[in-house]
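Encoded as structure tokens, the structure appears first; notes follow it.
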Amino acid sequence: MAGRIPLVLLACGSFNPITLQHMRLFELARDHMHQTGLYRVVGGIVSPVGDGYGKQGLVASKHRLAMARLALQTSDWVSVDDWESQQADWTETVVTMRYHYGLMAAQCHHSKDPPTNEQPASDVPQLKLLCGADFMDTFKVPGLWRDDHVEEVVGRFGLVCVSRGSRQPDRAIHESDLLSRHRQGIFLVREWVHNEISATEIRRALRRGHSVKYLLPDSVIDYIREHNLYTQESEMKNKDVKLRPLAMQAIQD
């Protein structure tokens, strides 16, 4: 793969808990980006969101980090990073991307704080946000994303989106003038083996005492049992709390 652009894939999300479907996204995205003939994927990063996000049923980040590390302990290229989850407040996705790009730039003897409005330097690996098709729908939620943040994520860094079930991300692009304007920075990956594993459904099954074997790695199931996670009580956490990005938007307005 000589001459190809080195690329790191970053996935930000709740990972509540991490599932086989989450991990599968990385493999699908790596294959697709290699097949373009342009990129050489050199790493993947799982970045669980901080506890301040305010999502209902979100267990503590220490548990989500531990489960992600257990799930990925056999991966030789995807790692778990705790920077985002350790911040005092919820951190916007674009801020997390700047942080990780800054680390890569520093390792290549560049500034730790590269200008956010410039394209990444050519000798630093590119960084792209990895997501599932359902993530694309979040761009349509009023107040959840700032337009300049979408512009930076998609226009400056780039997005790799994997289809999921009946959700097709090309419609979300078509319906958004902003996303359409940066269509060249969005890479769509087709998942032909349908995978409908949902963290929401897994939590529901756990609350009801149903088996989740073969939906999660055994090590993650053991961890959940050991720490008594995903109970009726834990699902009520943040029940009446507004998502942090929406609360921040309301303050700014």
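Nothing fancy with the numbering, it's 1 onward along the sequence.
- At distances below 3.5 Å, at least one donor-acceptor pair connects side-chain atoms of Arg64 with backbone N or O atoms of Ser14.
- Inter-residue side-chain proximity for Asp81 and Leu10 is flagged as unmet; no heavy-atom pair is nearer than 4.5 Å.
- Put simply, the side chain of Lys55 does not reach to within 4.5 Å of the side chain of Arg244, judged on heavy atoms.
- With Arg204 contributing its side chain and Arg207 its backbone, the two residues share no donor-acceptor pair below 3.5 Å.
- A tilted orientation is assigned to the rings of Trp90 and Tyr53, their planes being inclined by 30° to 60°.
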For this session: Might you work through the side-chain contact (heavy atoms from CB on, under 4.5 Å) test for Leu72 and Val80, ending with a clear yes or no?
Result: CA-CA 8 Å; Leu72 289 162; Val80 181; 3.7 Å; yes
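- A cation-pi arrangement, defined by a distance under 6.0 Å to the six-membered ring centre and an angle within 45 degrees of its axis, is present between Arg156 and Tyr101.
- Going from atom NZ of Lys128 over to atom CZ of Phe187 covers 5.0 Å, rounded to the nearest 0.5 Å.
- To the nearest 0.5 Å, atoms CG (Leu28) and SG (Cys161) are separated by 11.5 Å.
- Of all non-hydrogen atoms in Thr96 and Cys12, the two that sit nearest each other are CG2-SG, 4.0 Å.
- Considering only heavy atoms from C-beta on, Val160 comes within 4.5 Å of Val189 through its side chain.
- A donor-acceptor pair shorter than 3.5 Å cannot be found between the side chains of Trp145 and Glu151.
- His149 and Glu92 are not linked by any side-chain donor-acceptor pair at a separation below 3.5 angstrom, with hydrogens and angles left out of the test.
- Between Pro217 and Met23 the shortest side-chain heavy-atom distance falls below 4.5 Å.
- Each ring pair (Phe, Tyr, Trp, His ring centres under 6.0 Å) pair with one or both residues in residues 225-246, not counting sequence neighbours, appears once here: His63-His227, Tyr223-His227.
- Partners of Arg24 according to the salt bridge (charged side-chain N to carboxylate O under 4.0 Å, His left out) rule, which considers only residues two or more places apart in sequence or in another chain, are Glu191.
- Ile221 CD1 to Ser211 OG: the interatomic distance, rounded to the nearest 0.5 Å, is 6.5 Å.
- The environment of CZ in Arg171 is sparse: at most 12 heavy-atom neighbours from other residues, nucleotides or ligands sit within 6.0 Å.
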